[in-house]
Amino acid sequence: MRQLEVTWLGHAAFLLLTPGGKRVLIDPWVMSNPVCPTAYQEIKSVDLLLVTHGHFDHIGDAVSIARQTQAPIVSVFETSLWLSRKGVDNAVGMNKGGTLSIQGIQVKMVDAKHSCGIQDGEEIIYGGEAAGFILTLEDGLKLYHAGDTALFEDMALYGERYRPDIVCLPIGDRYTMGHGDAAYAVELIKPRWVIPMHHGTFDALPGSPGEFAKLVGSRAEVVILSPGQTRAFSPAFGGVR
Ligand code: NI
Ligand code: MN
């Protein structure tokens with residue numbers, strides 16, 4: 001099996017090339033994402049799409065990419081109904097606490113403290129609730145994408161119960177927790193690696209990856225990526241707990 005490759009596309013968008021060779025795109029906001037590199041603005045092939053919630057900066061290009069690639073797209077139930085109404089054939093609904101085995105990957109949906117209205121023209125559609133995902137990949141590595149969220153105590157439960165190796169945490173502040181609360185979240189979750197996200201996209205997101213890394217200290221390895229940058233992870237690098 002190959003190493004997991006994680007590419008940050010800016011904001012909350014990540015492209016994973018899994019140990020089993022699957023391309024997984026999380027929170028596909030690429031075309032109008034001001035920090036997404038041009039090379040990734042058009043995604044032509046993907047095996048699985050995951051959407052944490054219905055805000056434009058997460059669901060942004062989900063409809064067009066899902067229609068074009070016919071890849072299954074996983075989201076909370078109400079959001080999946082909306083995606084189906086928008087002409088997506090492979091919308092897969094689930095809800096928090098559930099696990100889905102799809103494309104060889106275990107996808108668990110977990111809580112996030114955030115809202116989930118979908119902007120649809122002039123209307124705001126009820127999209128269910130915002131969520132996070134804990135993925136178990138083919139080699140056993142676990143990646144927790146927290147979506148947009150405030151700090152909340154169940155993160156400790158997720159750390160204890162699911163033991164994610166890699167965690168993607170929002171640090172931008174204003175719409176999610178900032179770097180201070182995110183560093184506290186690292187104490188709760190206790191991952192080996194943490195990737196800060198949801199920062200630097202707009203001026204309204206003052207959270208700083210440098211400050212975040214200082215606060216986390218030696219509790220986890222802070223992997224600061226720039227948009228378009230890839231990092232490989234393997235259980236052999238330092239052991240899955
Ligand atoms: Ni949001
Ligand atoms: Mn957001």
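Computed from heavy atoms alone, side chains included, the values below leave out hydrogens, waters and symmetry copies. Atoms within a ligand are numbered from 1 in the order they appear, just like the ligands themselves.
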Can you tell me the N, O or S atom of Asp148 that's nearest the Ni ion (ligand 1)? OD2

List the steps and the verdict of side-chain contact (heavy atoms from CB on, under 4.5 Å) for Trp29 and Ile59. CA-CA 6 Å; Trp29 183 48; Ile59 206 168; over 6 Å; no

Among the N/O/S atoms of His58, select the one at the shortest distance from the Mn ion (ligand 2) and name it. NE2

Think Arg161 forms a cation-pi with Tyr158, using NZ or CZ under 6.0 Å from the six-ring centre and within 45 degrees of its axis? no

Relative to the Mn ion (ligand 2), which of the N, O or S atoms in Asp148 is the closest? OD2

Could you tell me if Glu138 and Thr18 have a donor-acceptor pair between their side chains, going purely by distance under 3.5 Å? yes

Indicate if the distance from the Mn ion (ligand 2) to the nearest N, O or S atom of His55 falls below 2.8 Å. no

Are any N, O or S atoms from His114 nearer to the Mn ion (ligand 2) than 2.8 Å? no

Please name the atom of Asp57, limited to N, O or S, that comes nearest to the Mn ion (ligand 2). OD2

Could you tell me whether the Ni ion (ligand 1) has an N, O or S atom of Cys116 under 2.8 Å away? no

At their closest point, which heavy atom of Met155 faces which heavy atom of Met177, and how far apart are they? CE-CE, 3.9 Å

Could you tell me whether the Ni ion (ligand 1) has an N, O or S atom of His55 under 2.8 Å away? yes

Have Ser226 and Gln229 got a donor and an acceptor in their side chains that come within less than 3.5 Å? yes

Strictly under 2.8 Å, is the Ni ion (ligand 1) approached by any N, O or S atom of Asp57? no

Polar side chain donor-acceptor pair, His199 to His179, under 3.5 angstrom: no

Go through the steps to decide whether Trp82 and Asp120 satisfy the test side chain to side chain donor-acceptor pair (under 3.5 Å), and finish with yes or no. CA-CA 10 Å; Trp82 180 84; Asp120 189 341; 2.8 Å; yes

